[in-house]
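Below is one structure, written out as structure tokens; comments come after it.
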There are 2 protein chains.
Amino acid sequence: MPRTRKEPDARADFRGKAATINDIARLAGVSKKTVSRIINRSPLVRGDTREKVEALMREVGYVPDPLARGLAFRRSFLIGMIYDNPTAQYIVDIQYGALDALRDSGFELVVHPCDSRSPDYVTGVRRFVQQQKLHGVMLVPRVSEDQALCDMLNEIGCRYARIAAVSLDGPEKMVVTHDRDGAAEVADYLQTLGHRDVAMITGPAAYRSAIERTEGFVGALQRRGIELPKSRLVEAGYTFESGVAAAEKLLGAKKRPTAIFCGNDEMAAGVYRVALRMGIQIPQQLSVVGYDDSPLASRLWPPLTSVRRDTRDTGRMAAAMLLQNEAGSRPLSSVRPHLVIRDSCQPPA
Amino acid sequence: MPRTRKEPDARADFRGKAATINDIARLAGVSKKTVSRIINRSPLVRGDTREKVEALMREVGYVPDPLARGLAFRRSFLIGMIYDNPTAQYIVDIQYGALDALRDSGFELVVHPCDSRSPDYVTGVRRFVQQQKLHGVMLVPRVSEDQALCDMLNEIGCRYARIAAVSLDGPEKMVVTHDRDGAAEVADYLQTLGHRDVAMITGPAAYRSAIERTEGFVGALQRRGIELPKSRLVEAGYTFESGVAAAEKLLGAKKRPTAIFCGNDEMAAGVYRVALRMGIQIPQQLSVVGYDDSPLASRLWPPLTSVRRDTRDTGRMAAAMLLQNEAGSRPLSSVRPHLVIRDSCQPPA
DNA sequence: CTGAAAGCGCTTACAG
DNA sequence: CTGAAAGCGCTTACAG
């Protein structure tokens with residue numbers, strides 16, 4: 001005859017049903033409320049009681065049921081990751097980082113891509129958050145830059161962590177990636193190599209990252225005495241194809257720049273394509289720098305010098321932020337980009 | 001004075017608390033059990049009762065609480081996606097496809113990367129499945145090929161959908177990608193172009209996809225009267241670097257092949273790198289074909305001919321499979337690869 | 001076809 | 001520091 005429900009097995013996790021809070025309470029000879037206090041790390045438990053119960057929980061491999069806990073708490077143990085349309089590598093790196101932070105926390109990551117151009121995407125996110133009673137959400141660029149979305153989240157009382165190029169909110173809600181600094185480092189590097197006639201292919205002005213990278217680059221050049229004329233600044237769409245079009249404009253000019261900084265690696269690949277077609281040698285006749293340090297950067301020839309972002313750390317910080325108890329006065333989370341020098345630049349001819 | 005709990009508001013979803021099954025039951029003048037039957041699409045409800053209640057649910061925007069439902073069902077409304085280490089684009093495409101299938105189903109997708117080389121990864125997956133009481137899991141290559149993992153899942157009664165190059169399980173548990181056919185199409189194409197001395201850089205023999213692609217290629221060549229000597233088959237690791245090493249071996253030989261088929265695009269990029277270094281022109285002196293049709297394929301120059309897999313469809317089928325009620329005798333889910341011809345091949349010189 | 005009671009495994013609110 | 005009662009929002013098991 002099988003064991004009855006009322007005779008819990010110490011190895012209950014492996015055969016039959018898993019142990020519940022009632023089993024633990026009975027076995028430990030305390031009330032379930034006391035067990036609950038221990039699960040929730042309440043200080044209102046005597047040291048020896050706590051130890052006895054914790055030992056028992058370990059022994060039987062007891063883990064509280066997130067569904068039951070969620071129902072009682074009116075909040076699940078799920079973290080949502082909301083994103084629009086970044087590159088695959090970026091999404092995956094943020095996910096890995098977030099999962100690093102969530103490991104052994106009892107929280108899980110639920111992914112939620114959306115289309116921020118759709119008029120009712122904010123409503124869609126709200127439904128998602130409310131129906132799942134999410135514990136919090138990670139906001140990845142570009143949705144992280146949408147103030148209307150954050151207003152909605154504040155209104156419904158959903159905590160969130162925004163990943164963005166620059167601080168847009170309270171420090172307890174931001175992971176700042178300082179794109180301005182990464183772009184400035186590129187400017188310094190190119191100036192040091194001796195480039196004076198440089199150009200930039202920027203991302204869409206609707207992206208905060210594009211603005212920051214552009215201003216960081218232009219500003220740092222200025223500080224070093226180089227003024228970038230309007231014609232040397234071409235806006236593109238962060239895609240390969242748009243990078244090709246922008247490169248054609250810049251490299252087809254009567255006098256072409258000696259170096260081009262691209263707002264991301266995809267557009268840098270577009271510059272490579274056009275340079276190849278036009279017989280312009282990289283880096284001998286043209287220096288190129290990207291941003292992202294994606295896998296593509298080392299697949300190109302010559303390997304592309306690019307700004308690396310520690311995307312996994314970024315994801316880790318955003319998730320960790322959502323696990324913290326309440327605000328407190330934590331410092332701003334931030335992650336610094338840095339230039340990875342490969343073979344796509346040299347002093348101008 | 002705010003509304004009390006006991007006076008539900010028709011727009012309860014927007015102000016204060018959301019409506020519950022009790023609210024619906026009271027407003028509709030039926031028991032909560034009847035509402036429950038409607039939620040669960042039980043046929044044991046009279047048509048007019050059903051319509052009345054459904055109209056009311058729509059009106060107040062009622063959605064049953066997945067936490068409460070999960071607790072009562074002893075099973076959550078979460079689908080797990082378990083994967084080891086494929087490329088970022090592949091993971092993201094599977095996720096998008098899965099989310100297509102889950103949209104408006106009330107189910108959500110929880111991601112769970114793991115390291116299948118770690119000795120206790122199966123235990124880790126079991127903990128994940130049992131603690132979250134997952135409704136089912138999607139198994140992506142290479143974990144999808146691990147019979148020990150599937151045995152464990154069967155043992156604990158967790159439904160799963162395996163994505164693999166070939167059928168490894170009952171049809172209600174498989175999404176088959178027919179890599180053999182994709183590879184055969186490459187062989188036919190190269191033979192038609194006139195190539196006789198061809199080579200292949202294969203993925204690791206520990207991957208089912210690598211075996212299928214190799215056998216499909218070799219077999220189709222044989223059927224067309226071309227026998228591939230052992231020396232023309234080089235095993236590599238599905239990475240860029242391993243592709244470089246394999247290409248060096250093949251292209252450094254006294255007599256080099258006129259065409260190389262690579263088990264994936266990353267390794268094809270490695271062939272491009274070596275060809276460039278050795279001054280071998282693609283496609284004039286060497287034809288190259290990849291597998292995956294990743295974004296990389298069109299970033300390379302000349303654009304790479306490659307086998308496309310409909311990864312998003314694959315993810316969609318796997319998730320849809322998990323939502324289906326019970327087995328029944330469904331046909332095998334399968335997705336067909338096909339060759340995308342670009343500019344990396346031509347007849348041999 | 002419909003419903004009243006008990007229960008899923010936790011926490012909150014209250015009492016001591 | 002500890003506990004008994006009620007409740008979170010659903011479903012199951014039983015009855016009619």
Side-chain angles (χ1 to χ4, degrees), chain A residues 4-6 8 12-13 16-54 57 60-77 106 130-133 135, chain B residues 4-6 8 12-13 16-54 57 60-77 106 130-133 135:
Chain A
T4 68
R5 270 320 310 287
K6 294 300 162 196
D13 197 30
K17 305 235 167 204
T20 72
I21 195 172
N22 290 307
D23 300 326
I24 300 294
R26 190 157 9 83
L27 258 43
V30 299
S31 75
K32 64 202 269 196
K33 180 57 200 159
T34 297
V35 179
S36 172
R37 285 199 178 89
I38 289 167
I39 292 170
N40 293 294
R41 309 191 185 297
S42 157
L44 302 177
V45 181
R46 237 175 41 212
D48 54 337
T49 308
R50 172 182 304 279
E51 273 165 36
K52 183 178 64 179
V53 175
E54 282 179 343
M57 296 196 303
V60 303
Y62 169 72
V63 180
D65 182 338
L67 255 15
R69 230 143 84 89
L71 178 59
F73 268 137
R74 293 159 192 78
R75 187 192 279 179
S76 76
F77 288 83
Q130 291 189 317
Q131 286 179 12
Q132 300 300 321
K133 295 194 164 68
H135 180 267
Chain B
T4 68
R5 275 315 315 285
K6 295 299 164 196
D13 196 30
K17 305 235 167 205
T20 71
I21 195 174
N22 290 307
D23 300 327
I24 300 294
R26 189 155 10 81
L27 257 43
V30 299
S31 75
K32 62 203 270 195
K33 181 57 201 160
T34 297
V35 180
S36 172
R37 286 202 177 86
I38 290 167
I39 292 170
N40 293 294
R41 311 191 183 299
S42 157
L44 304 176
V45 180
R46 238 177 38 213
D48 55 337
T49 309
R50 173 183 303 279
E51 273 165 37
K52 183 177 66 180
V53 175
E54 281 179 344
M57 297 197 302
V60 303
Y62 168 72
V63 180
D65 182 338
L67 257 14
R69 229 143 86 88
L71 178 60
F73 268 137
R74 294 160 193 77
R75 187 191 280 179
S76 76
F77 288 83
Q130 291 188 318
Q131 285 177 15
Q132 300 301 321
K133 294 194 164 68
H135 181 268

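Set against D/dC8, D/dT11, C/dT2, the side chain of B/A72 has D/dT11 as its closest nucleotide. Taking the side chain of B/R74 as heavy atoms from C-beta on, and the options D/dC10, D/dC8, C/dC8, the nearest nucleotide is C/dC8. Minimum atom distance to the side chain of A/F73 is reached by C/dT12, of the listed D/dC1, C/dT12, C/dC10. Looking at the side chain of B/R69, the nearest of the listed nucleotides D/dC10, D/dT2, C/dG9 is D/dC10.
Atom-to-atom distance recorded for B/R37:CZ and B/S31:OG is 7.0 Å, nearest 0.5 angstrom. Distance check: B/M57 CE to B/D23 CG gives 13.0 Å after rounding to the nearest 0.5 Å.
A/N22 has no side-chain polar atom (N or O) that falls below the 4.0 Å cut-off from OP1 or OP2 of C/dC10. Proximity of B/T49 to the phosphate of C/dT2: a side-chain N or O atom is located under 4.0 Å from OP1 or OP2. In this model, the phosphate group of D/dG9 is not approached by any side-chain N or O of B/Y62 to a distance below 4.0 Å at OP1 or OP2.
Separating the CZ atom of A/R26 from the P atom of C/dG9 is a distance of 12 Å, rounded to the nearest angstrom. In this structure, A/I21 places its CD1 atom 11 Å from P of C/dT12, rounding to the nearest Å. One can place CZ of B/F77 at 12 Å from C1' of D/dG9, the figure rounded to the nearest angstrom. Atom pair A/D65:CG and D/dC8:C1' shows a separation of 13 Å (rounding to whole Å applied). The CD1-C1' distance, from A/I38 to D/dC1, rounds to 11 Å in whole Å. Atom pair A/N40:CG and C/dT12:C1' shows a separation of 11 Å (rounding to whole Å applied). Between the NZ atom of A/K133 and the P atom of C/dT11 there is a distance of 16 Å, given to the nearest Å. We find that CG of B/L44 is positioned 15 Å from P of D/dA13, with the value rounded to whole Å.
Of all non-hydrogen atoms in A/Y62 and A/T20, the two that sit nearest each other are CE1-C, 3.6 Å. Between B/L67 and A/R75, the shortest heavy-atom contact is CD2-C, 4.3 Å. Considering every non-hydrogen atom in both A/Q132 and B/P66, the closest pair reads OE1-CG, 3.9 Å.
Across all strands, B/P66 comes closer than 4.0 Å to no nucleic acid atom at all (heavy-atom distances).
With contacts defined as side-chain heavy-atom distances shorter than 4.5 Å, the pair A/K52/A/I38 does not qualify. With contacts defined as side-chain heavy-atom distances shorter than 4.5 Å, the pair A/F73/A/N40 qualifies. In this structure, B/V53 and B/V30 have side chains that are in contact, with non-hydrogen atoms separated by less than 4.5 Å.
Both B/R46 and B/L71 sit near DNA chain C, but only B/R46 has its closest nucleotide nearer the 5' end.
Helical stems in DNA chain C, defined as runs of 3 or more consecutive Watson-Crick or G-U wobble pairs with donor-acceptor distances under 3.5 Å: C:1-3 with D:14-16, C:5-12 with D:5-12, C:14-16 with D:1-3.
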Could you go through nucleotides 3-6 of chain C and list every protein N or O atom that sits under 3.5 Å from one of its N or O atoms, giving the distance for each pair?
unit_1, atom_1, unit_2, atom_2, d
C/dG3, OP2, B/S31, N, 3.0
C/dG3, OP2, B/S31, OG, 3.1
C/dG3, OP2, B/T34, OG1, 2.6
C/dG3, N7, B/R37, NH1, 3.4
C/dG3, O6, B/R37, NH2, 2.7

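Formation of a donor-acceptor pair under 3.5 Å by the B/R41 side chain with backbone atoms of B/I39 is not found in this model.
When the salt bridge (charged side-chain N to carboxylate O under 4.0 Å, His left out) test is applied to A/K133, the partners found at least two apart in sequence or on another chain are B/D65.
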